[in-house]
Asker: 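Structure incoming, see below.
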Amino acid sequence: MFSGHIHVLGFRGEKTNNVMIGVYLLVSYVMFDVLNYILPSFSFYVKVLTVLLLLYRYLTLDEADRLVDLGFEDDIREVFDHFKAQRQTLLFSATMPTKIQNFARSALVKPIMVNVGRAGAANLDVIQEVEYVKQEAKVAYLLECLQKTPPPVLIFCENKADVEDIHEYLLLKGVEAVAIHGGKDQEEREYAISSFKAGNKDVLVAMDVASKGLDFPDIQHVINYDMPAEIENYVHRIGRTGRCGKTGITTTFINKNQSETTLLDLKHLLQEAKQRIQPVLAELNDPMEDVEAINNASGVKGCGYCGGLGHRIRDCPKLEHQKSQAIASSRRDYFGSGGYRGEI
């Protein structure tokens, strides 16, 4: 057991005075807090910083796959470089795509993978229900879904505008609801999370920021107002319920706005968890039904990049999205911000 000082870092919270006194356990909410906050603060105390980091023997990264996905891989390696003595490094994640596996093999010494079930599989304690709902009917149907279970209920959306619209709609209908997304300031986010956790609010409307790293132990029902394009995000979302041996329910709205690749991934995930398959999913033309021989030969089931079971890597939406981002970031802006006369 640890005894002594515990210093918790948030989003640009307290400064490093307590660290200099002596800390046995350091908790950071964001990897960048270590880089942009602690390390620069010791620019005049290089020797103190070196001695301080030599004291640490354990480094734990929660939601490690997300940190790598967001482009923090080089920053994580930089933090690793400050540990000169032997250390134990633990990476935790509900999904373990190829990218994080490759990172672990290159950044760690003889890493060992411990799987509880299949990495990327859905929690079997969660009842997954899928409903085909037209886009214009989703808001009204939301109230009906809220009647399935008692609170607390977590509602996930794909964009900020939907979060705000649903939050306002629920308040008008007399539902005790709060909302969080990246556009709100830290004080608003903290109020929403604390009031929801304390049971003062029945519904939390959020984007994927609430699907990882936040612990809500008693969530009864998770509603995916929008089905995420990447199946990894779906697994993280539904993992907010059915925790610690309890059961939970998830309801996911789908319609023609979702790509066939996303729906096929969802279909295979439901089949693996022995859940009821909606007719609209069952009727999809499934190319994976004829690739059992390929799976056996390659040793990889489904996509080797994101872990989705409904497609191969050539059709991976996550890989395609990351390629598009890489191309966009590599473009040189020859004419200043916004391209020539702001056309780009």
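The analysis underlying the following values was restricted to heavy atoms, covering all of them including side chains, and did not include hydrogens, waters or symmetry mates.
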Asker: Would you indicate whether F216, at its atom CZ, is surrounded by more than 12 heavy atoms from other residues, nucleotides or ligands within a distance under 6.0 Å?
Answerer: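 Enclosed.
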Asker: Counting distance only, does the side-chain N/O of S195 pair as donor-acceptor with the main-chain N or O of Y191 below 3.5 Å?
Answerer: yes
Asker: What verdict does the side-chain contact (heavy atoms from CB on, under 4.5 Å) test give for V163 and M207, after you've listed the backbone C-alpha separation in whole Å, the side-chain angles of each residue and the deciding distance to 0.1 Å?
Answerer: CA-CA 7 Å; V163 171; M207 294 177 64; 3.7 Å; yes
Asker: Do R240 and F156 form a cation-pi contact, if we require the NZ or CZ to be under 6.0 Å from the six-membered ring centre and within 45 degrees of the ring's axis?
Answerer: no
Asker: Look at K246 together with D125 and state whether they make a salt bridge at an N to O cut-off of under 4.0 Å.
Answerer: no
Asker: Got L270 and L281 here, is their nearest side-chain heavy-atom distance under 4.5 Å?
Answerer: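 L270 vs L281: side chains touch.
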Asker: So does I238 get a backbone contact from the side chain of T241, meaning a donor-acceptor N/O pair under 3.5 Å?
Answerer: no
Asker: Provide the closest heavy-atom pair for C157 versus V205 in the form atom of the first, atom of the second, distance.
Answerer: SG-CG1, 4.1 Å
Asker: So which pairs with a foot in residues 247-256 pass salt bridge (charged side-chain N to carboxylate O under 4.0 Å, His left out), sequence neighbours left out?
Answerer: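 The answer is none; no pair qualifies.
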Asker: Any side-chain to backbone donor/acceptor pair from Q147 onto L143? Under 3.5 Å, distance only.
Answerer: yes
Asker: Within a strict 4.5 Å, meaning less than it, do heavy atoms of the H268 and Q271 side chains meet?
Answerer: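 Yes, close enough: below the 4.5 Å cut-off.
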Asker: Less than 4.5 Å apart, any side-chain heavy atom of Q135 and any of N257?
Answerer: yes
Asker: Under a 3.5 Å distance rule, please check whether H181 uses its side chain to pair with a backbone N or O of N159 as donor and acceptor.
Answerer: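 Not at all, since once roles are kept as given, no pair shorter than 3.5 Å links the two residues.
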Asker: Where is the tightest heavy-atom contact between I180 and A192, given as atom of each residue plus distance?
Answerer: CG2-CB, 3.3 Å
Asker: Over all heavy atoms of both residues, which pair between F196 and D202 is shortest? Give the atoms and the distance, please.
Answerer: CE1-O, 3.6 Å
Asker: Answer whether the closest heavy-atom distance between the side chains of I155 and V203 falls below 4.5 Å.
Answerer: yes
Asker: Can a donor-acceptor pair be found between the side chains of T250 and H221 at a distance below 3.5 Å?
Answerer: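 No, no side-chain donor-acceptor pair sits under 3.5 Å.
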Asker: Before giving the answer on salt bridge (charged side-chain N to carboxylate O under 4.0 Å, His left out), spell out for D226 and K138 the whole-Å C-alpha distance, their side-chain angles and the decisive distance to 0.1 Å.
Answerer: CA-CA 9 Å; D226 299 305; K138 286 165 67 172; 2.9 Å; yes
Asker: Say whether, by atom type as modelled, one donor and one acceptor occur between the side chain of Q275 and the main chain of V126 under 3.5 angstrom.
Answerer: yes
Asker: Measure from the side-chain N and O atoms of N255 to the backbone N and O of K134, and report whether any donor-acceptor pair falls under 3.5 Å.
Answerer: no
Asker: More than 12 non-hydrogen atoms from neighbouring residues, nucleotides or ligands closer than 6.0 Å to CD on E168, yes or no?
Answerer: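 Open.
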Asker: Taking atom CG of N233 and atom CG of D208, what is their separation to the nearest 0.5 Å?
Answerer: 4.5 Å
Asker: Do V235 and L269 pass the side-chain contact (heavy atoms from CB on, under 4.5 Å) test, and can you show the C-alpha distance, the side-chain angles, and the key distance before you say yes or no?
Answerer: CA-CA 9 Å; V235 172; L269 200 67; 3.8 Å; yes
Asker: Does I127 reach the side chain of T247, with side-chain heavy atoms less than 4.5 Å apart?
Answerer: no
Asker: If you round to the nearest 0.5 Å, how far is CG of D162 from OH of Y169?
Answerer: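 Rounded to the nearest 0.5 Å, the OH-CG separation comes out at 14.0 Å.
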Asker: Once you round to the nearest 0.5 Å, how far does CG of L204 lie from CD1 of I193?
Answerer: 7.5 Å
Asker: I need the minimum non-hydrogen distance between A107 and R87, along with the two atoms involved.
Answerer: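 Minimum heavy-atom separation between A107 and R87: O-NH2, 4.3 Å.
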Asker: Check whether any side-chain heavy atom of T252 sits under 4.5 Å from a side-chain heavy atom of E131, and report yes or no.
Answerer: no
Asker: If we only count heavy atoms from C-beta on, is the V130 to F253 side-chain gap below 4.5 Å?
Answerer: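 A side-chain contact under 4.5 Å is absent here.
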Asker: With a 4.0 Å cut-off, would you call K160 and E164 a salt bridge?
Answerer: no
Asker: Looking only at heavy atoms, what is the nearest atom pair of A104 and L91, with distance?
Answerer: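 Minimum heavy-atom contact is CB-CD1, 4.2 Å.
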Asker: For E260 and K267: C-alpha separation, side-chain torsions, deciding distance, then whether salt bridge (charged side-chain N to carboxylate O under 4.0 Å, His left out) applies.
Answerer: CA-CA 10 Å; E260 188 170 309; K267 174 186 174 181; over 6 Å; no
Asker: Would you say that more than 12 heavy atoms from the other residues, nucleotides or ligands in this model lie under 6.0 Å from the NZ of K148, or not?
Answerer: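 Result for NZ/K148: enclosed.
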Asker: Taking all non-hydrogen atoms of both residues, which atom of A122 and which atom of Q128 are closest, and how far apart?
Answerer: CB-NE2, 3.4 Å
Asker: Mind checking whether L146 and V153 have side chains closer than 4.5 Å, heavy atoms only?
Answerer: yes
Asker: Please check this pair: side chain of R189 against backbone of K184, looking for a donor-acceptor N/O pair closer than 3.5 Å.
Answerer: yes
